[in-house]
Visitor: 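My structure is below; once you've seen it, I'll send some questions.
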Amino acid sequence: MSEETVALYLKSIEDCYLKELPVKIISIEEDGYILDRTIMHYEGGGQPGDRGKLIIGDKEVFIVNVIKRRNRIVHLAKELVEGKEGILKLDWERRYEIMKMHTLQHAISALLYDKHGIKTIQSQVYKGYGEILLEREIYDLEDEFYLINEMAREVKRYSIQKENLNPSLLKRCNLERLPKSLTKVSIVEIDGIDKCACAGTHVKNTSEIGKYWLRTMGRRIEFGKF
Ligand SMILES: [Zn+2]
């Protein structure tokens, strides 16, 4: 968590759908803005940083990426315009595609663990594409892996205190990788399929993922939008 910037998309699944937000500018760094709150995801956890605009008065500043640096969320800007407040606008078209792929990744990783006991070591999603690195090889996947959108499962997000985390409910997740300073953990739950601690953004229902392709390449699984 950042010390200053509240990341609204961590609160609930509905907040992952915020496209525009009035913000206060806390400080201006050499390459970007620190804001009081944000709807933009910062790069990390297998999901790219968001892009968009910060409108300051009658000026538009392009936000080219969002990163975490020295525990601060920095909205990297193409140019810097002075100001105390602004309106943050997300490149929603890009972000929504990333949300679909991220949700699909959770479901695939969960099915792999449930059906084959295979853990995901690493995953990365992009706009319309994603990949998962597994601890061991697999070549044949059941039909369910190709029907995650058709299953139309609801997705929820909620926070729980770290000490109340039941590790047995979060088997496939690497909880050791969570920052030690974290007191609350954001859980993303896909009804009947998965529960995982995650700071990324996701869709409300797996039906939103739409048509996708999926292929196994041994220890690597690739998937993408049709
Ligand atoms: Zn996630």
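Quick note: numbers below take in every heavy atom, side chains included, and nothing from hydrogens, waters or symmetry partners. Both counts, for ligands and for their atoms, begin at 1 and track the order of listing.
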Visitor: Does either side chain, that of His116 or that of Glu142, offer a donor lying less than 3.5 Å from an acceptor on the other one?
Guide: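 Distance-only check passes for His116 and Glu142.
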
Visitor: Determine the sole option in Asn65, Leu54, Thr38, Val61 for which the side chain to side chain contact (heavy atoms under 4.5 Å, CB included) test with His75 is passed.
Guide: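 Exactly one candidate clears the test, Thr38.
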
Visitor: Parallel, tilted or perpendicular: which one describes the rings of Tyr126 and Tyr129, with boundaries at 30° and 60°?
Guide: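 Tyr126 vs Tyr129 ring planes: parallel.
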
Visitor: Where the side chain of Arg157 meets the backbone of Lys204, is there a donor-acceptor pair that is under 3.5 Å apart?
Guide: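 No; zero donor-acceptor contacts below 3.5 Å.
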
Visitor: Do Arg72 and Thr5 get their side chains close enough for a donor-acceptor pair, meaning under 3.5 Å?
Guide: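 Not at all, the side chains of Arg72 and Thr5 share no donor-acceptor pair under 3.5 Å.
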
Visitor: Output, by chain and residue number, all protein N/O/S atoms separated from the Zn ion (ligand 1) by less than 2.8 Å.
Guide: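 Metal shell, protein only: His102 NE2, His106 NE2, Cys198 SG, His202 NE2.
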
Visitor: Quick one: sort the His41 and Tyr9 rings into parallel, tilted or perpendicular, breaks at 30° and 60°.
Guide: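 Tilted, since the angle between the ring planes falls between 30° and 60°.
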
